[in-house]
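By convention here, the first residue in the shown sequence is residue 1.
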Amino acid sequence: MDLVIRDTRVIDGSGTPSYRADVAVRDGRVAEIHREDSPGPRPSAARTLDADGLALAPGFIDMHAHSDLALLRDPDHSAKAAQGVTLEVLGQDGLSYAPVDDRTLAEVRRSITGWNGDGSDIDFDWRTVGEYLDRLDRNFGGRGIAVNAAYLIPQGTVRMYAVGWDDRPASEAELTRMKQLVAQSMAEGAVGMSSGLTYTPGMYADDAELTELCRVVAGHGGYYCPHHRSYGAGALRAYEEMVTLTRTAGCALHLAHATMNFGVNEGKAPELLTLLDRALDEGADISLDTYPYTPGCTTLVAMLPSWASEGGPESVMARLADDATAARIRHDMEVVGADGCHGVPIEWDRIEISGVSVPGHEAYVGRTVAESARLRGEEPWVTARRLLIDDRLGSTILQHVGHEENVRQIMRHRVHTGGSDGILQGDKPHPRAYGTFPQYLGRYTRELGILSLEECVAHLTSRPAARLRLADRGLVREGYRADLVLFDPATVAAGSTFDQPRTLPFGIPHVLIDGRFVIEDGRRTQTLAGRSVRSTT
């Protein structure tokens, strides 16, 4: 054996009661599990790790990550590795960097600068999904990446590629091209397809178009992961739309950051869960992920009405610069309730600037738009408009619109999994990027008792592995990959806060990927054990 983890409490990811055992690792896999009451000799190895007092779990799977460029630029990536995350699912919310051509790449880089930076430090030497996954594998001189990564085809990027930024139905030829792109991307290893249906241009797709694309995804054994059309005024209708659409297409459904936000949805989590339970009982294949916090995080430009974003980023800038058009945008946002803000009139005192992309605007960070406006002696829209223009649409925000009881009820659900939705850019990012998984284990399991420890680990490991159809991950079992986390159930906690969002967690001393330590004694090693994880269906 290469390693024996001695006298640990094994929480194997199945949800069944934990047990004490020695766990032996050889050639990157769990080779032997010797329970304390088992007969015969205990395993021995070149190295023994005394894990008395620590729990051993499968590596955590982040079902909603925005590390698409971070994994390429940052070999350390402790934001996720230190949480015990051993696999991230990229390509989220319908916008990412493959498949693209030269025009689409330039446009998508501009449109999600707030999520991932402008990419000026990245050599974009890929165009297809397969080439992007290959790039992950050969990154940093062929050493790989910090953690494993799977990829969803971004439907908004696909539409950008085939249709452009027009708010109109796709032609038959354009739909055929999109289906070809999706089929090719699935064949190259994507695990499914995402959408951002409050983001342009993906939101311009109607249900018939999405259904056709989902049929292609289903034909390759993948799943559909929508950020659906509303988390606000039309939330329940939007959830029902996705359930109906995927059942028509015969496609598995995974609901991204499945929250019920804004004042109109306070206390309405049971209505969502009833909707899902009814569909599940009728045979639907549904799962969901959430992060254990109430505020959301996105870009400021995403709050605009969709008509204002038609044509792409330069068209947005032109509309903001025109006084009459800007007044119309303001009316839709503040009075009507723009679709970018989920059909709810925007509350500027709940929109906190978390990051800017152009130097010289740092004074906005950490303040709500309303606070900055008061300091400047002007109305909030005037401040927001100026920032959008001056920061070239690159500002990120925290949106304080969630409800704690909704968060707690949804995380208890039988198909729930964990996803950070972690945006790593910005001067003051959402703490979920650095704290989601220890937050589940510490606050919501140990402190509040919302989940038992065994249940919580199952939500973060075997359930997402089952959704991704990974036959050898998500459980501590003989023959499974040795993607493992050792944590102290008595002390594990998120270190990140809204004031100090980049603080690493407590109580997670060891993390292994493929049997190699990426976190050892609480410190990041130089090991790059991560690789692309591709669908084999």
Side-chain angles (χ1 to χ4, degrees), residues 61 63-65 67-68 71-72 87-105 108 124-139 144-145 148-163 170 172-196 202 205 208-226 245-246 248-254 256 285 287 464-473 481 530-537:
I61 299 176
M63 286 296 287
H64 193 105
S67 303
D68 307 49
L71 281 169
L72 295 175
L87 171 60
E88 298 184 272
V89 184
L90 313 177
Q92 299 287 348
D93 294 327
L95 291 167
S96 190
Y97 306 94
V100 293
D101 56 12
D102 291 350
R103 172 190 60 82
T104 308
L105 176 60
V108 77
F124 288 91
D125 59 351
W126 69 87
R127 293 297 180 268
T128 69
V129 167
E131 290 169 350
Y132 173 71
L133 296 175
D134 287 344
R135 172 61 186 280
L136 294 175
D137 289 338
R138 61 180 171 81
N139 205 52
I145 49 179
N148 296 311
Y151 190 77
L152 295 167
I153 306 158
Q155 170 262 329
T157 300
V158 168
R159 195 172 214 272
M160 197 187 305
Y161 191 133
V163 181
E172 184 175 344
E174 290 165 342
L175 180 57
T176 297
R177 181 60 176 138
M178 286 190 282
K179 290 166 69 175
Q180 291 171 342
L181 288 167
V182 170
Q184 176 185 340
S185 299
M186 289 297 301
E188 290 172 349
V191 295
M193 181 179 74
S194 74
S195 282
E209 179 180 316
L210 295 171
T211 299
E212 287 300 303
L213 298 182
C214 283
R215 286 194 172 107
V216 177
V217 172
H220 288 80
Y223 66 94
Y224 181 43
C225 179
L245 185 157
T246 48
T248 300
C251 187
L253 173 65
H254 181 83
D285 185 357
S287 55
R467 167 53 70 218
L468 295 168
R469 300 190 177 188
L470 302 177
D472 59 355
R473 301 177 197 263
R481 289 183 180 272
R531 297 294 185 271
S532 66
V533 174
R534 310 184 193 213
S535 171
T536 57
T537 304

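When side chains are defined from C-beta on, D68 does not count as touching Q92, because their heavy atoms never get closer than 4.5 Å. Side chains of N148 and E88 form no contact here, defined as non-hydrogen atoms less than 4.5 Å apart. The shortest distance between side-chain heavy atoms of T104 and R127 does not fall below 4.5 Å. P99 places a side-chain heavy atom less than 4.5 Å from the side chain of V158. Residues L152 and Y223 form a side-chain contact, since some pair of their non-hydrogen atoms from C-beta on lies under 4.5 Å apart. The shortest distance between side-chain heavy atoms of L71 and N139 does not fall below 4.5 Å. For the pair L245 and C214, the minimum side-chain heavy-atom distance is below 4.5 Å. Counting heavy atoms from C-beta on, the side chains of Q184 and V216 never come closer than 4.5 Å.
Note that CG of L105 and CE of M160 are 10.0 Å apart. Values are rounded to the nearest 0.5 Å. Rounding to the nearest 0.5 angstrom, the gap separating the SG atom in C251 from the CG atom in D285 is 8.5 Å.
Contact record, A170 with L175: CB-N, 4.2 Å, taken as the closest heavy-atom pair. Pairing each heavy atom of A190 with each of S535, the nearest pair is O-CB, 3.2 Å. E188 and G130 make their closest contact through OE1-N, 2.8 Å (heavy atoms, listed as atom of the first residue, atom of the second, distance). Considering all non-hydrogen atoms of both residues, S287 and H254 come closest at OG-ND1, 2.7 Å.
Here E174 does not pair with R177 in a salt bridge; the nearest charged N to carboxylate O distance is not below 4.0 Å.
Relative ring orientation between Y132 and Y151 is described as tilted, the plane-to-plane angle lying within the 30° to 60° band.
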